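One structure is given below, encoded as structure tokens.
The basis for the numbers below is simple: all heavy atoms, side chains too, and nothing from hydrogens, waters or symmetry mates. Protein chains get the first letters and strands the later ones, always in sequence-line order, with residue 1 at the start of each. As the structure is a prediction and not an experimental result, all values here were calculated from the model.
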Amino acid sequence: MTGVNFYRVRRTLGVWIPVIVLMFVVIAPFYWIFTGSIKAPQEIIQRVPTLFPQSFTLQHYDKLFSSSDFPQYLLNSTIVAALTMIVTLLLATPAAYSLYRLRFPGRDLIFKVILVTYAFPGILLLIPLYTMLTHIHLVDTLWALVIINVTFASPFAVWLMEAFFKAVPHELEEAAALDGADRATILARVMLPLIAPGLGSIAIYAFITSWTEYMFASVVIISDVNRTVPVGLAGIIGQYQVDWGLLLAGATITTLPVLMLFALVGRHFVEGLTAGAVK
Amino acid sequence: MRQTGKVKTMRTGWNSQALLGYLLVAPLLLWLAGTILYPLMAAINLSFQNVGIIGTGGQYIGLENYSKVLGSGKFWDAFKRSLVWVIGNGLFQTVAAFATALILKQRFSGRGIARVWVILSWIVPTVVVVIIWRWMLGTSGGIVNYLLVALGITPEPVAFFGSPNTAMISVMLINSWRWFPLMAVILLASMQNIPQELYEAAAVDGASPFQRFLNVTLPGLQPVLFVMGLVGTLWSFNVFDVIWLLTGGGPSSGTTTLPVYIYEMAFKKYRLSRAAAASVLVGLFLLLFAVLFIRFMAPKGEEEGE
């Protein structure tokens, strides 16, 4: 009897308390910005913070969407992220198929080159990429951001695909070939459905990379109408009198698409992330 | 029978397979050549000129930018801060990631969900991370300062970004908060790859949990620790936006690491060429670091082919 209780106490202390502390450290800040965004202005700035909102208002969201440029930023960020996703998928998927499923001389070297590029510090490219984009007249366009984001997302995306491609048995392709299917048919009918979770992971990674990018967007975009969300929100932070309600509403809205995507394919994403690293 | 069939298709298909292989990686390689290799060359070229603001012409001035950068105290201050930054982040993140991985390794209901959602702080945009912490650490109305004062830990609100040292530590902790979950899930996956028998054998030999961690877990993690040490250092060196948006490199340049230094030089002081020279120098330092790290830290033995 006492033995059971002792076990229970130990388990509570040893397992549940650390788990709860960990999840608190990760999640609580998000709770805090979300609840802050629906508090009335007086409650936001009051000296004693309220753990549970005492007031409820959507005025910050209303202000964000009706009297700031945020909708434009959101649209721009969405366009850039969607295009980054598409181009990354188009570049990384065939490359990953080639590197993980085919054999050819120089394959390992190419693989290593791509590995180097994903560890490559972007700051070293800031000035030359900016200069290059100026020369080809893409500065201050959303395309410039797409080009930059694809460059940073695609090497890692290739690497993410490893686990998914390696999980498909070679026999499956061979069996289909014996049935007389040509390579294109095999790719479309056999391969594609099996690596779909991997494509989802790439897509989410490309989206996140693009959605969060600040450094390049802050120098490559000049006019206000082309700003993306991070640069737009940073502009609000930099104002003399910070409007916290507005900022918290903006942060909440900015987090939402990431949460939704992650809820859809987060499990596969973490799987791909860790499988590649562990190998 | 099946075996021979396989060999045959592989052989006859070899040439077309190689062709297809090159064809499929070519677009990505060309893309990366155009957006990484070419710009790098351009940066080297730019670093020998005296271009100030973009669009203005420049003349070749030899090594002047390099001598100016290397002779500038500000560059070396930023260099030292980057060193502190990388080491501090490495320490915080390693400790937090190990603790997290060990916590999530245990059996409890809902751990599948916990293992996925723990990386939440890594997937949200950095600007959101910045808003969260600027709000929570604010001197008036910030929850952290409220709690510190209410619980009697500090007599009055702490200005976390008020002095160079506290600002540096605060930004390091915030950046670590963003990154440790990613490190943790990678460590965790790697821990689970260590054969259970090794732990059982150690337990039979009477090893304490701590000894098991030291003698079984750590050696088993060596390959992944090596990769994380290398890539993690480069990634953490590269961090710009969290620092810039939290402190702008201040106060009194206290958080101006090399990326912030380069950014300011190029886009606030409009000395594009000199910033390019600084980039090239930084690139060389990082290359040197990578070579030394691989040379001395690469896990030894069991070099498996394939």
Portion of Leu247(A) that has a non-hydrogen atom of chain B nearer than 4.5 angstrom: both

Under 4.5 Å from a heavy atom of chain A, the part of Val280(B) involved: neither

Structural part of Phe108(B) lying under 4.5 Å from a heavy atom of chain A: both

Which atom of Met132(A) lies closest to which atom of Pro39(B), heavy atoms considered: SD-CG, 4.0 Å

Which portion of Ala266(B) sits near chain A, non-hydrogen atoms under 4.5 angstrom: side chain

Nearest non-hydrogen partners of Phe30(A) and Ser121(B), listed with the distance: CZ-CA, 4.3 Å

No-hydrogen, no-angle side-chain donor-acceptor test under 3.5 Å, Ser98(A) and Tyr22(B): no

Which atoms of Ile132(B) approach chain A - backbone, side chain, both or neither, heavy atom under 4.5 Å: both

Chain A contact via Ile36(B) - which portion, at a heavy-atom distance below 4.5 Å: both

Inter-residue atom distance Asn45(B).CG - Thr131(A).OG1, 0.5 Å rounding: 10.0 Å

Residue Ile119(B) versus chain A: region with a heavy atom under 4.5 Å: side chain

Shortest non-hydrogen contact from Ala119(A) toward Trp235(B): CA-NE1, 4.0 Å

Check: Trp244(B) ring centroid to Tyr214(A) ring centroid under 6.0 Å: no

Chain A contact via Ser236(B) - which portion, at a heavy-atom distance below 4.5 Å: neither

Whether Trp244(A) and Trp135(B) hold their rings parallel, tilted or perpendicular, with breakpoints at 30° and 60°: tilted

Sidechain-backbone polar pair: Gln17(B) side chain, Arg103(A) backbone, donor-acceptor under 3.5 Å: yes

Residue pair Tyr263(B) / Ser218(A), side-chain heavy-atom distance below 4.5 Å: yes

Per-residue contact mode, Arg115(B) against chain A (heavy atom under 4.5 angstrom): backbone

Which atoms of Tyr118(A) approach chain B - backbone, side chain, both or neither, heavy atom under 4.5 Å: both

Donor-acceptor pair between Trp31(B) and Ser154(A) side chains, under 3.5 angstrom: no

Proximal component of Leu104(B), with respect to chain A [non-hydrogen, under 4.5 Å]: side chain

Minimum heavy-atom distance Ile127(A)-Ala276(B), with the two atoms named: CD1-N, 4.0 Å

Spacing of OH belonging to Tyr97(A) relative to CG belonging to Leu24(B), to within rounding of 0.5 Å: 8.0 Å

Ser279(B) (side chain) donor-acceptor with Leu124(A) (main chain) under 3.5 angstrom: no

By side-chain contact (heavy atoms from CB on, under 4.5 Å) - contacts of Ser82(B) (at least two apart): Phe237(B), Thr257(B), Leu258(B), Pro259(B)

Residue Val231(A) versus chain B: region with a heavy atom under 4.5 Å: neither

The single option from Thr35(B), Leu32(B), Leu37(B) passing side-chain contact (heavy atoms from CB on, under 4.5 Å) against Thr117(A): Leu32(B)

Proximity breakdown for Leu286(B) and chain A, heavy-atom pairs closer than 4.5 Å: side chain

Expected output: side-chain Asp241(B) to main-chain Met215(A) donor-acceptor under 3.5 Å: no

Heavy-atom closest pair, residues Trp211(A) and Pro125(B): CD1-CG, 3.4 Å

Contact summary for Thr126(B) and Thr212(A), nearest pair of heavy atoms: N-OG1, 2.9 Å

Heavy-atom contact with chain B under 4.5 Å, split by part of Ala263(A): both

Leading residue by heavy atom contact count with chain A [cutoff under 4.5 Å; candidates Val129(B), Val124(B), Leu23(B), Val282(B)]: Val124(B)

Trp117(B) side chain to Val26(A) backbone, donor-acceptor under 3.5 Å: no

Which residues share a side-chain hydrogen bond (donor to acceptor under 3.5 Å, both in side chains) with Asp182(A), sequence neighbours left out: Thr185(A)

